[in-house]
Amino acid sequence: LMPRRMSCSMTVDAVRDRTKTVTRRHVDTWRDLKPGDRLTLIEKGMGLPKGARQVVLTEVEIVDVRVESILDVLDEVGATAREGLPEMTPAGFVRFWLDGHGFRSVVVGHAGWVHCRRIEWRYLDEVAGG
């Protein structure tokens with residue numbers, strides 16, 4: 001069985017550098033993903049021009065999946081770095097995530113009811129080296 005593919009179009013460099021280890025997705029997606037599952041991370045999955053191929057970045061193994069409030073980012077030390085966006089403030093990341101997931105009208109401080117699926121992985125090409 002081929003691993004499913006997940007697009008990391010906004011954090012390609014962080015995946016290439018192996019600094020991104022977490023992604024937060026809409027709570028209604030990736031429902032059956034669990035620790036031990038493998039994913040193929042790709043540059044872009046949708047909106048490719050005719051004839052273009054998906055660019056494979058790497059293979060990862062899921063180590064943790066949980067549903068949490070998007071505001072949990074504010075309390076997680078290093079959250080934006082793990083997301084591959086170290087230059088962003090936690091509040092800036094929450095705004096960015098809300099805007100990108102259909103919650104543009106939600107005020108960051110009042111977004112506690114917005115849940116996301118937090119997915120954490122390890123890179124398979126790093127396992128052998130320890």
Side-chain angles (χ1 to χ4, degrees):
L1 193 70
M2 292 260 310
R4 288 193 292 164
R5 292 180 167 212
M6 177 183 278
S7 170
C8 294
S9 61
M10 290 185 265
T11 51
V12 170
D13 290 341
V15 170
R16 286 205 174 106
D17 296 344
R18 305 298 189 255
T19 54
K20 180 178 177 74
T21 56
V22 171
T23 190
R24 285 171 174 81
R25 301 293 165 120
H26 194 286
V27 72
D28 292 339
T29 64
W30 299 97
R31 288 175 183 256
D32 58 347
L33 195 64
K34 61 193 180 309
D37 287 352
R38 291 186 173 191
L39 291 177
T40 299
L41 302 184
I42 59 172
E43 276 189 7
K44 191 175 178 181
M46 295 160 54
L48 293 171
K50 187 173 169 72
R53 294 180 171 262
Q54 292 178 348
V55 176
V56 172
L57 296 170
T58 190
E59 304 273 324
V60 296
E61 182 179 313
I62 304 305
V63 296
D64 184 55
V65 181
R66 63 179 184 253
V67 172
E68 63 180 29
S69 165
I70 190 60
L71 292 188
D72 287 0
V73 168
L74 303 177
D75 298 321
E76 181 185 323
V77 175
T80 60
R82 276 193 283 287
E83 282 276 358
L85 300 162
E87 68 287 351
M88 267 193 197
T89 64
F93 176 83
V94 171
R95 177 77 271 149
F96 168 77
W97 193 94
L98 291 169
D99 288 349
H101 289 84
F103 299 100
R104 272 186 174 68
S105 64
V106 178
V107 175
V108 168
H110 296 161
W113 61 273
V114 178
H115 286 80
C116 63
R117 189 169 310 278
R118 182 187 183 279
I119 301 167
E120 186 172 354
W121 62 67
R122 65 186 176 102
Y123 292 90
L124 292 176
D125 57 11
E126 292 187 338
V127 176

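Connection of Val114 to Leu74 is established within a shared hydrophobic cluster, with ILVMFWY side chains joined at heavy-atom distances below 4.5 Å, either directly or through further cluster members. Residues Val22 and Val67 fall into different hydrophobic clusters, defined by Ile, Leu, Val, Met, Phe, Trp and Tyr side chains chained together at heavy-atom separations under 4.5 Å. In the hydrophobic clustering of ILVMFWY residues, with side-chain heavy atoms under 4.5 Å counting as a link, Tyr123 and Ile42 come out apart. Linking ILVMFWY side-chain heavy atoms closer than 4.5 Å, directly or via other members, places Trp30 and Val27 in two distinct hydrophobic clusters. The cluster map of Ile, Leu, Val, Met, Phe, Trp and Tyr, joined by side-chain heavy atoms under 4.5 Å apart, puts Val65 and Leu41 in the same cluster.
Distance check, rounded to the nearest 0.5 Å: OG1 of Thr19 to CZ of Arg82 gives 12.0 Å. Taking SG from Cys8 and CG from Asp13, the interatomic distance works out to 12.0 Å, rounded to the nearest 0.5 Å. With rounding to the nearest 0.5 Å, the separation of CH2 in Trp121 from CG in Leu33 is 10.0 Å. Interatomic distance, Trp97 CH2 to His26 NE2, rounded to the nearest 0.5 Å: 6.0 Å.
Ion pair Arg4/Asp37 not flagged as a salt bridge, since none of the NZ, NE, NH1 or NH2 atoms sits closer than 4.0 Å to an Asp/Glu carboxylate oxygen. Contact check on Asp72 versus Arg24 returns no salt bridge, with no Lys/Arg side-chain nitrogen under 4.0 Å from an Asp/Glu carboxylate oxygen.
Between the Asp99 side chain and the Phe96 main chain, no donor and acceptor come within less than 3.5 Å of each other. Side chain of Glu43 to main chain of Val12: no donor-acceptor pair is present (N/O by atom type, distance under 3.5 Å, no hydrogens or angles). Side-chain atoms of Arg38 never come within 3.5 Å of backbone atoms of Glu59 as a donor-acceptor pair (strictly under, hydrogens ignored). A donor-acceptor contact shorter than 3.5 Å links the side chain of Lys20 to the backbone of Glu83. Distance alone, capped at 3.5 Å, places no donor-acceptor pair between the Ser9 side chain and the Lys44 backbone. Counting only distance, with no hydrogens or angles, the side chain of Arg118 and the backbone of Ser69 share no donor-acceptor pair below 3.5 Å. A distance-only check finds a donor-acceptor pair linking the side chain of Arg95 to the backbone of Arg104 [under 3.5 Å].
In terms of heavy-atom proximity, Gly112 sits nearest to Leu71 at N-CD1, 3.4 Å. Heavy-atom minimum distance, Leu98 versus Ala111: CD1-CB, 3.9 Å. When all heavy atoms of Ile70 and Cys116 are compared, the pair lying nearest together is CD1-SG, 4.0 Å.
Applying the side-chain contact (heavy atoms from CB on, under 4.5 Å) test between Met6 and each of Thr40, Val60, Leu39 identifies Leu39 as the sole match.
For residues 47-56, the set of pairs meeting the side chain to side chain donor-acceptor pair (under 3.5 Å) definition, not counting sequence neighbours, comprises Arg5-Gln54.
The side-chain hydrogen bond (donor to acceptor under 3.5 Å, both in side chains) search around Arg25 returns Thr23, not counting sequence neighbours. Under the side-chain hydrogen bond (donor to acceptor under 3.5 Å, both in side chains) criterion, Arg31 pairs with Asp28, sequence neighbours left out.
The shortest distance between side-chain heavy atoms of Leu85 and Met10 does not fall below 4.5 Å.
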